[in-house]
Amino acid sequence: MRAVENYVQMFGIGPWHFYTYEKPLVSQMSYHGQPANYRSRIALSYFGPMRIELIEALEGGDSVYTDFIREHGYGVHHLGLLVEDMQGALAQAGEAGLEMTMDGSGFGKDGDGHYAYLDTEARLGVTLELIQRPKGRHAPEKIYPAE
């Protein structure tokens, strides 16, 4: 929450929409190719046309977020790329020699939506996230500052 407050106070960015990504909201999760059950709280806002996502790793299973914190501390973890066809994008990434390290799907109102992280840090200096946005989102748990 402190990071969100800093973005609001320093840059006027907001409102922020909060969600807890865990089962059952995110119905399918994997971590290094195995079924997973990690938990994270995300806060979403916009800075002009750019979406900003702040992620807090919560207690629970291992994730790319907890790996990053252990290895680097807190900071910028990834850049997100929107894709229309997640399976096609993952196939293309695989052909380029990129492994999917973690993913989650089913968080949209209609059970759609899919995110997938690629192991690109060593080659690009940052992790890439592929995002197939859901058609609609559930109502956020909270909004800050209140609208």
Side-chain angles (χ1 to χ4, degrees), residues 1-5 7-8 11 13-70 72 74-121 123-147:
M1 183 68 172
R2 185 175 60 220
V4 168
E5 290 171 344
Y7 276 91
V8 171
F11 306 109
I13 297 174
W16 293 86
H17 291 216
F18 287 78
Y19 300 88
T20 302
Y21 273 22
E22 63 184 335
K23 291 182 179 176
L25 178 64
V26 181
S27 59
Q28 301 293 319
M29 300 173 147
S30 77
Y31 174 71
H32 291 287
Q34 300 298 313
N37 195 18
Y38 52 85
R39 296 179 66 233
S40 57
R41 181 163 299 115
I42 67 167
L44 300 170
S45 192
Y46 283 95
F47 181 65
M50 182 174 65
R51 173 159 267 174
I52 299 175
E53 177 184 51
L54 301 178
I55 301 171
E56 176 186 9
L58 300 173
E59 70 281 347
D62 287 332
S63 69
V64 295
Y65 315 128
T66 56
D67 293 345
F68 183 85
I69 293 166
R70 269 193 303 271
H72 305 288
Y74 296 97
V76 175
H77 173 259
H78 68 271
L79 300 175
L81 306 171
L82 297 177
V83 300
E84 294 293 323
D85 172 18
M86 181 62 79
Q87 295 313 311
L90 287 171
Q92 185 178 4
E95 290 168 8
L98 301 175
E99 174 190 346
M100 180 180 71
T101 55
M102 188 174 94
D103 80 326
S105 62
F107 52 88
K109 277 186 178 180
D110 298 323
D112 57 347
H114 192 170
Y115 57 86
Y117 292 93
L118 302 176
D119 184 9
T120 57
E121 187 177 345
R123 291 169 70 180
L124 301 178
V126 68
T127 296
L128 293 182
E129 176 192 21
L130 304 176
I131 306 163
Q132 187 172 353
R133 283 191 175 158
K135 291 182 180 103
R137 284 195 171 270
H138 295 277
E141 296 164 11
K142 76 175 184 178
I143 298 174
Y144 178 85
E147 295 179 311

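Here the structure is a predicted model, which is why all the values come from computation and not from measurement.
- Here the side chains of Arg39 and Glu59 are in contact, with some heavy-atom distance below 4.5 Å.
- In this structure a side-chain-to-backbone donor-acceptor pair under 3.5 Å is missing from Tyr144 to Phe18.
- Annotation: salt bridge (Lys or Arg N to Asp or Glu O under 4.0 Å) contacts of Asp103 (sequence neighbours excluded): none.
- The shortest non-hydrogen separation linking Met100 to Ser30 is CE-OG, 3.9 Å.
- Within the 4.5 Å cutoff, side-chain heavy atoms of Ile69 are placed close to those of Tyr74.
- Taking a 6.0 Å sphere around CD of Glu5, one finds it holds more than 12 heavy atoms contributed by other residues, nucleotides or ligands.
- Rounding to the nearest 0.5 Å gives a distance of 15.5 Å between CZ of Arg133 and NE2 of His114.
- Side chain of Ser45 to backbone of Pro15: a donor-acceptor contact under 3.5 angstrom is found.
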Thr20 and Leu25: CA distance, side-chain angles, deciding distance, side chain to side chain contact (heavy atoms under 4.5 Å, CB included) verdict: CA-CA 8 Å; Thr20 302; Leu25 178 64; over 6 Å; no
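- The side chain to side chain contact (heavy atoms under 4.5 Å, CB included) test applied to Gln92 returns no partner, not counting sequence neighbours.
- Aromatic ring pairs are classed by plane angle as parallel below 30°, tilted from 30° to 60° and perpendicular above 60°; the pair Tyr117 and Tyr115 is perpendicular.
- Checking side-chain atoms of Ser63 against main-chain N and O of Thr66 turns up a donor-acceptor pair under 3.5 Å.
- Closest approach of Tyr65 and Ala57 over heavy atoms only: CB-CB, 4.1 Å.
- Rounded to the nearest 0.5 Å, atoms CD1 (Ile52) and OH (Tyr46) are 11.0 Å apart.
- Side chains of Met29 and Tyr31 form no contact here, defined as non-hydrogen atoms less than 4.5 Å apart.
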Trace of the ring pair (Phe, Tyr, Trp, His ring centres under 6.0 Å) decision for Tyr21 with Phe107: CA-CA 8 Å; Tyr21 273 22; Phe107 52 88; 5.2 Å; yes
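- Under the 4.5 Å side-chain criterion, counting only non-hydrogen atoms from C-beta, Leu98 is not in contact with Leu90.
- Atom CD1 of residue Ile42 and atom CH2 of residue Trp16 lie 11.0 Å apart, to the nearest 0.5 angstrom.
- Thr101 contributes atom OG1, which lies 10.5 Å from atom CG of Leu128 (distance to the nearest 0.5 angstrom).
- Counting heavy atoms from C-beta on, the side chains of Phe68 and Thr127 never come closer than 4.5 Å.
- For Phe11, the side chain to side chain contact (heavy atoms under 4.5 Å, CB included) partners at least two apart in sequence or on another chain are Tyr7, Ile13.
- Considering only heavy atoms from C-beta on, Asp62 comes within 4.5 Å of Arg70 through its side chain.
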For a quick test of your reading: what N or O donor-acceptor pairs under 3.5 Å do the side chains of residues 77-89 make, sequence neighbours left out?
residue : atom : partner : partner atom : Å
His78   : NE2  : Glu53   : OE1          : 3.2
His78   : NE2  : Glu129  : OE1          : 2.9
Asp85   : OD1  : Gln87   : N            : 3.4
Asp85   : OD1  : Gly88   : N            : 3.2
Asp85   : OD2  : Gly88   : N            : 3.4

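- In this structure, Gly108 and His138 approach most closely via the heavy-atom pair O-NE2, 3.4 Å.
- Applying the side chain to side chain contact (heavy atoms under 4.5 Å, CB included) test to Glu56 and every residue at least two apart in sequence or in another chain returns Arg41, Leu58.
- Residues that satisfy the side chain to side chain contact (heavy atoms under 4.5 Å, CB included) test with Ser27, not counting sequence neighbours, are absent from this structure.
- Contact of the Val64 side chain with the Tyr38 side chain is not registered, since no non-hydrogen atoms from C-beta on lie closer than 4.5 Å.
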